[in-house]
There are 2 protein chains.
Amino acid sequence: MKKTSLNDIANKLGVSKSLVSLVLNGKAKQNRIGDEISEKVLKLAKELNYQPNQIARSLRLGRSETIALIVADISNPFFARMGRAVEDEADKFGFKVIFSSSDENPDKLGELLNVLIDRQVDGFIISPTIKSKEYILKLKKNNIPFVLIDRCLPPIKTNSVVVDNYNSTYYAVKFMLEKGYKKTGFITVSSGLSNMKERLLGYKDAMKNFGVRGYGSYIREVDYKNFNESVGEAVKELLLTQNNLRALFFATLRVGMAAIKSINDLKLRIPQDVAVISFDDADAYQIFYPPITAIAQPIDMMSSEAVKILINEIKQKNVKTEKTQIVLPTEFIIRESCC
Amino acid sequence: MKKTSLNDIANKLGVSKSLVSLVLNGKAKQNRIGDEISEKVLKLAKELNYQPNQIARSLRLGRSETIALIVADISNPFFARMGRAVEDEADKFGFKVIFSSSDENPDKLGELLNVLIDRQVDGFIISPTIKSKEYILKLKKNNIPFVLIDRCLPPIKTNSVVVDNYNSTYYAVKFMLEKGYKKTGFITVSSGLSNMKERLLGYKDAMKNFGVRGYGSYIREVDYKNFNESVGEAVKELLLTQNNLRALFFATLRVGMAAIKSINDLKLRIPQDVAVISFDDADAYQIFYPPITAIAQPIDMMSSEAVKILINEIKQKNVKTEKTQIVLPTEFIIRESCC
DNA sequence: CTGAAAGCGCTTACAG
DNA sequence: CTGAAAGCGCTTACAG
């Protein structure tokens, strides 16, 4: 069953395909096309169940109405939720989205960008990896619409929507300190990503301003490889050896999940033996016993803002638009893990 | 900066674009194109950083090398992992994937199918909703390649890859019974989906074969709306009222998460007060205290099998291929929640 | 060994 | 008020 094309309709009606195209695109009136013929076209199109070939349309129009979302790993719950929100928002504008995972590997990111540009995606939403500056600059130079999400590359001026990592962390750590947990440890992933740097800084400044000394030894930066084991080590070191900390701040969901597992393995109780707070929120955190105090990011809003900025830029492709930087607040959700 | 096209290269070299196309597609030899000219083309293409416009290629070739994955909700951890696995497998064949969420709504599924067909995706991997038979049949009639995943529509003969829901559940419930938990409850979602039906049947048969009477009243089917509250109700009814059950089987991850939360809220302890087993596994289940016994689905394998079947069918579009049905075993992971 | 042409299905500027 | 033509960038069958 061959799909019906413009030509099929035109031939059956004995008119030109230009006319059919015009009618079907709702441009009959402005081109002063007769009402009777318009009617006929519309009717036949419906009968034949005509559906325009979007590939042909894209080629002609030079746009595909497809955007790409590139994140570290779409199976990570944080990015999965982002993916869903991006999908929903893009749908409102008639755009489809292609998801890709960079695995935090800048070269994979670069490769993905190339392939997707060949496929004529109209723009990108990117959660950039470390060392991706080169590729992002190339995008910028080639005037390809994109917006950075979750992380940005500070010196470079781009569209971005991120969260107030510094203040969110500062506030949460301050909360711990005021609860009396002077010895609050900080476990994070070692990476040069902007968001991670800001979270660390927020922690440091809170500790400093509260007059805690020697907090440098309360910090552990964990590597991506052997992630769970390394987090386990960090937890053990901080809680059992020299420092004897009574509270821990986890800089990401993945850190938090791995850390809580090893706290359980050590048979330590939350919050009696150790109070915890985590950046990022997740279903699991609400369901844990006790539920985990968390800094929730407004994922839906981040995603929809990013889509809006992107599509806006796509629509005015050639007029120079100002780059938009959005910083959203987080929500500090106090649960039983820290009181 | 306009992208360089075949014509640009042809013009600069004073040859035809046919020749350039042939060379760039590695068909120089079989078309007996001179070595020197081939070299030149390759060199210039590299210099100009030529990247073929895949849209034009798609239009000409009648295929887009894009597949679509339609699931209930891509932000659900189960489907998020599936998404990632599909992405990775498709990548091996040079295919990209568009993700879409049906929200378990058959009409949305139908709409998605239409839109994506217009965009000339080459095929679909679909986790069908209830009442989607009509749309799936249409796909089949129009000879559009697709494979069903996670759930199938039994009377209809299609490609599918699912898990052995019946035996997995039977085995797990039997395990419970043998541990002495004769009063094992079953909480599931009310839906006519094949996988849910099989799980329920597995439970029933296990109970029956073990000679447990009156297990009908140990079953709760929960509705999608007010999901968490309804699961909470079911948990409370089963554990606190008439039956006084001491064990619970959760038919899905979402049921399990919600149920465990309400068990915690009731201040009941797992496994001392109530033993639990859940279909589906997740990070959270490993990290809970105590860790939850679970039936793990081989998501990566399901996904890669589905992609392989689909792409195979796409490649031989017009030769009638036999439909492939794959049923994969699950893994029963015993943790502390049930002993 | 290489080029000219047709065509994928669409949209739009132009002519009448 | 409507049609013929050009063109988006590619691939491939055909001619020479």
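Computed from a predicted model, the values in this text were never measured in an experiment. In what follows, chains carry the letters A, B, and so on, assigned in the order in which the sequence lines appear, proteins first and then strands, with residues in each chain numbered from 1.
- Screening residues 76-119 of chain B for ring pair (Phe, Tyr, Trp, His ring centres under 6.0 Å), with sequence neighbours left out, gives A:Phe99-B:Phe99.
- A heavy-atom distance below 4.0 Å to DNA chain C is reached by these residues of residues 49-56 of chain A, ordered by number: A:Tyr50, A:Pro52, A:Asn53, A:Ala56.
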(Q) Strictly under 4.0 angstrom, non-hydrogen atoms only: write out the protein contact profile of nucleotides 1-6 of chain C, one letter per nucleotide from the 5' end, B, S or -. (A) BBBBBB
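- As rounded to whole Å, 15 Å separates atom C1' of D:dC10 from atom CZ of A:Arg119.
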**Q.** Dot-bracket notation for DNA chain D, counting Watson-Crick and G-U pairs under 3.5 Å, with | for partners on another strand
**A.** |||.||||||||.|||
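- Listed by chain and number, the residues in a salt bridge (charged side-chain N to carboxylate O under 4.0 Å, His left out) with B:Lys131 amount to none (sequence neighbours excluded).
- Atoms CG (B:Leu6) and P (D:dT12) sit 12 Å apart, rounded to a whole Å.
- Rounded to a whole Å, the CZ atom of B:Arg57 is 12 Å from the C1' atom of D:dG9.
- Residues in residues 146-160 of chain B take part in these salt bridge (Lys or Arg N to Asp or Glu O under 4.0 Å) pairs, two or more places apart or across chains: B:Glu104-B:Arg151.
- Residues forming a salt bridge (charged side-chain N to carboxylate O under 4.0 Å, His left out) with B:Glu111 (at least two apart in sequence, or on another chain): none.
- In this structure, B:Leu61 places its CG atom 9 Å from C1' of D:dC10, rounding to the nearest Å.
- Separating the CD atom of A:Gln120 from the P atom of D:dC8 is a distance of 13 Å, rounded to the nearest angstrom.
- In this structure, A:Leu137 and A:Leu153 have side chains that are not in contact, with every pair of non-hydrogen atoms separated by 4.5 Å or more.
- Taking B:Lys138 as the reference, B:Asn114, B:Asn142 meet the side-chain contact (heavy atoms from CB on, under 4.5 Å) condition, with sequence neighbours excluded.
- In this structure, CG of A:Asn25 is placed 7 Å from P of C:dT12, rounded to the nearest angstrom.
- Atom-to-atom, CZ of B:Arg63 to P of D:dC10 comes out at 16 Å; the value is rounded to the nearest Å.
- Among residue pairs with one or both ends in residues 66-77 of chain A, those qualifying as salt bridge (Lys or Arg N to Asp or Glu O under 4.0 Å) are A:Asp73-B:Arg84; sequence neighbours excluded.
- For the pair A:Lys27 NZ and C:dC10 P, the computed distance is 15 Å after rounding to whole Å.
- Taking the salt bridge (charged side-chain N to carboxylate O under 4.0 Å, His left out) definition, one finds that A:Lys108 meets it with A:Asp103, sequence neighbours left out.
- For B:Phe146, the ring-ring contact (aromatic ring centres under 6.0 Å, His included) criterion is met by no residue, not counting sequence neighbours.
- Looking only at atom types and distance, the side chain of B:Thr66 has a donor-acceptor partner in the side chain of A:Arg119 under 3.5 Å away.
- Shown here are the salt bridge (charged side-chain N to carboxylate O under 4.0 Å, His left out) partners of B:Glu39, two or more places apart in sequence or in another chain: there are none.
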